[in-house]
Structure formats: C-alpha cells, structure tokens
Amino acid sequence: MRLDVVTIFPEYLEPLNVSLVGKARARGQLDVRVHDLRDWTHDRHHTVDDTPYGGGPGMVMKPEPWGEALDAIIDSGERERESEDGGEGAAEPVLVVPTPSGRPFTQELAVELSQKPWLIFTPARYEGIDRRVIEEYGDRLDVREVSIGDYVLAGGEAPVLVMVEAIARLLPGVLGNAESHRDDSFAPGAMADLLEGPVYTKPPEWRGRGVPEVLVSGHHGKIARWRRDQALVRTSQNRPDLIERCDPAALDKHDRETLESLGWSEGTDGRFGLAGEAVGE
Ligand code: ADE
C-alpha cells in the first residue's frame, strides 16, 4: 500500500518510522511518502494561509499549494504505474481529509481503507483548507472527510498518525499473528460491537493478585464464555450505547442472562435497555 501525507509539519509524522508502521515500511509492505506543502509555494515566505472570506477568526489554507501538491503526487503515481506495467489501470488514490467536521473514523472505515492500494492524507492546520480543494478533487477521486473524535485538535497530523496505525495493522502480514485482530473491539464477527475484556499474563500471582481461575483451567469452552461475559460487563460499563444498539440476533441465551444480571432488560423487539428506561421504541 502506498501512503502520501502532505503537511506543513513533516517532522510531526516522524512516528511513522517507529514500531509497527516503521517495520512495515522497512519490510516494503508500506510505501510512505511525507511531503512538505511549502515545497509548492512560490513566494519568499512560503505562505500557505490567508484570511477567511466573510471575516471571522483564524486563517484558512490557500487552495493553490494544495492543488499543485496533489496534482504532482497524483501524476507521480500515474507515471510510476505506467513505467511498471505498461500503463495498465493506474490505481486511483483515495483522498483522506482529516477534519473535525468529517464522518467518524471507525474500525469499519479502517478495514475499508486498508483494502485500497493508495491513500493520500491532507492534514490541515488553521481553520482548514479552502473548500474548493475538496470540491475539485471530489470531482475526480474518492474523497473522505474524516474525524477521529468529537474534539478539536490543532491540526490533522495526529489524526493521520491514528488512522495510519489503525489501517496499517490490518494489512496482511503486518501484525505477527494473523488472528490478532479477530477479537479486536469493534472487529466485525463474533465479538461484534462489544469491547474486549481484560487480559492476563505470567506471573500467576502479582502483588497478591491472582489470575481468574477459569483462564488456567484449560477448558476452552468455559474460557470463551468467560471472555464473552467480561466483554458484556465492560461494554455495559463503558459503552452502554453499544448494548442498546446491539443486534438481538448477535446475543445468545447466556448473553441475555448476563445482561439481565447487569441491570439490562429486554424489550419486545429483543433489544436491551437499562432497567427503568423505555426500551424497544
Ligand atoms: N483536525 C482537528 N481536529 C480533528 C479531529 N477531531 N479529527 C480529524 N481531524 C481533526
């Protein structure tokens, strides 16, 4: 997978040289290219921002440097592909624009983006990028405006680090154990929409604290059931909204009993609500 990042703070992306993403790069599984947006300015001060039309606080990122940068990067991809396989099917990049006004970044979106051959990230500073840039590339490419959460950061670089890590660990061969993300919280599948429960390792006793008996029992069925109950407990405590949204078909009889014991009650439609609150509406 190829990843391009255009930023006015290339050094902010240094963590992409470390750990999982750094190793994936070193192994050639990820081709990461970080570009300085100011390379596409032409004035003495390398200006990338200007005052907003209509007034208001802050500055807006000028469209021209972004346009030149993105054209150059997209062209470079087309040229590279032509020289590689005789011009057949130049892969199209997906443009990922981090912004607090975007759609939420979820595990589902991470999975979708991990299947693309090429992503270009455009982390902005100031009040964001002139809207015409998003419109211009939206006419030609798949453009995703994405928010990593309901808070406002000073720029999109940290969101890029977050998204790249979530995406890179899903690439084939990047995580050591191919099974490792099967049970991730939010992973589609068996534990869908439940948070992962607690984990333990050696020693069997630490500061007087033991390990839950069931985990050393060797009884795989009981262990799976215990983990599922713990996932329900943690989800109930930390993300009751996920329990409320849970597809009734994803819950077995034991799940229902566990939820009842945690104070949830089943509505007529099989969905759960906290006792005392209206359910099934
Ligand atoms: N830029 C600033 N805040 C952001 C957020 N929450 N998500 C994505 N990009 C951002």
Side-chain angles (χ1 to χ4, degrees), residues 1-21 30 32-38 40-41 46-67 69-70 73 93-116 118-138 141-171 184-186 195 238-239 241-242:
M1 169 183 264
R2 174 171 169 183
L3 299 178
D4 288 83
V5 186
V6 187
T7 171
I8 58 167
F9 292 121
E11 65 278 20
Y12 208 122
L13 282 304
E14 278 294 310
L16 296 179
N17 291 317
V18 179
S19 185
L20 177 127
V21 176
L30 262 186
V32 180
R33 308 184 196 186
V34 178
H35 312 268
D36 188 340
L37 179 68
R38 293 192 201 276
W40 287 280
T41 56
H46 300 289
T47 310
V48 291
D49 61 328
D50 207 335
T51 53
Y53 276 123
M59 300 290 272
V60 174
M61 297 194 96
K62 293 164 66 59
E64 303 96 316
W66 283 106
L70 292 171
I73 292 164
V94 176
L95 197 63
V96 184
V97 182
T99 161
S101 323
R103 296 235 173 106
F105 183 67
T106 58
Q107 188 66 22
E108 193 183 358
L109 184 53
V111 169
E112 187 189 345
L113 293 177
S114 75
Q115 287 154 2
K116 308 287 182 186
W118 184 10
L119 307 175
I120 304 178
F121 292 90
T122 58
R125 290 268 144 180
Y126 315 109
E127 299 299 313
I129 304 173
D130 186 301
R131 187 71 206 163
R132 290 168 291 182
V133 176
I134 316 301
E135 288 169 5
E136 167 78 6
Y137 292 93
L141 299 177
D142 184 1
V143 176
R144 310 292 181 92
E145 291 182 275
V146 182
S147 166
I148 63 159
D150 291 343
Y151 38 79
V152 180
L153 299 165
E157 284 77 8
V160 170
L161 294 175
V162 167
M163 289 189 268
V164 169
E165 185 155 318
I167 293 164
R169 65 187 285 283
L170 297 172
L171 298 176
D184 286 348
S185 297
F186 312 113
L195 304 182
N238 295 346
R239 293 293 304 276
D241 58 306
L242 295 180

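Counting from 1, the numbers follow the sequence of the chain as shown. Ligands are counted one by one from 1 in listed order, and the atoms in each one are counted from 1 as well.
Atom 6 (N) of ligand 1 has Tyr151 O, 2.8 Å as its closest protein atom, hydrogens excluded (heavy atom only). From the protein, the heavy atom lying nearest to atom 3 (N) of ligand 1 is Leu153 N, 3.0 Å. Scanning the protein heavy atoms around atom 7 (N) of ligand 1, the nearest turns out to be Ile148 N, 3.0 Å. Closest to atom 10 (C) of ligand 1 among all protein heavy atoms lies Pro100 CD, 3.5 Å.
To the nearest 0.5 angstrom, Glu64 atom CD is 8.0 Å from Arg132 atom CZ. Considering CG of Asp49 and CD1 of Ile8, their distance stands at 7.5 Å, rounded to 0.5 Å. Atom CG of residue Leu170 and atom CD of residue Gln107 lie 5.5 Å apart, to the nearest 0.5 angstrom.
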Could you list the donor-acceptor pairs under 3.5 angstrom formed between side-chain atoms of residues 118-125 and any protein atom two or more places apart in sequence or on another chain?
residue : atom : partner : partner atom : Å
Trp118  : NE1  : Asp4    : OD1          : 2.8
Arg125  : NE   : Glu157  : OE1          : 3.0
Arg125  : NH2  : Glu157  : OE1          : 2.9

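The two residues Ser114 and Leu171 make their nearest non-hydrogen contact at O-CD2, 3.4 Å. Looking at every heavy atom in both residues, Thr41 comes nearest to His46 through OG1-ND1, 3.0 Å.
Close N/O approach between Pro159 and ligand 1 is not found [any backbone or side-chain N/O within under 3.5 Å]. Every N/O-N/O distance between Ala154 and ligand 1 stays at or above 3.5 Å. Every N/O-N/O distance between Val152 and ligand 1 stays at or above 3.5 Å.
Remark: distances from the non-hydrogen atoms of Asp150 to ligand 1 are all 4.0 Å or more. Under a 4.0 angstrom heavy-atom cut-off, Pro123 registers as lying outside contact with ligand 1.
Near Val146, the atoms of ligand 1 lying under 4.0 angstrom from a non-hydrogen atom of the residue are 8 (C).
By the 4.0 Å N-to-carboxylate-O rule, Glu145 lies close enough to Arg131 to be salt-bridged with it. Using a 4.0 Å cut-off between charged side-chain N and carboxylate O, Arg38 and Asp36 make no salt bridge.
Across the listed options Val96, Thr99, Val97, Thr99 owns the non-hydrogen atom lying nearest to atom 8 (C) of ligand 1.
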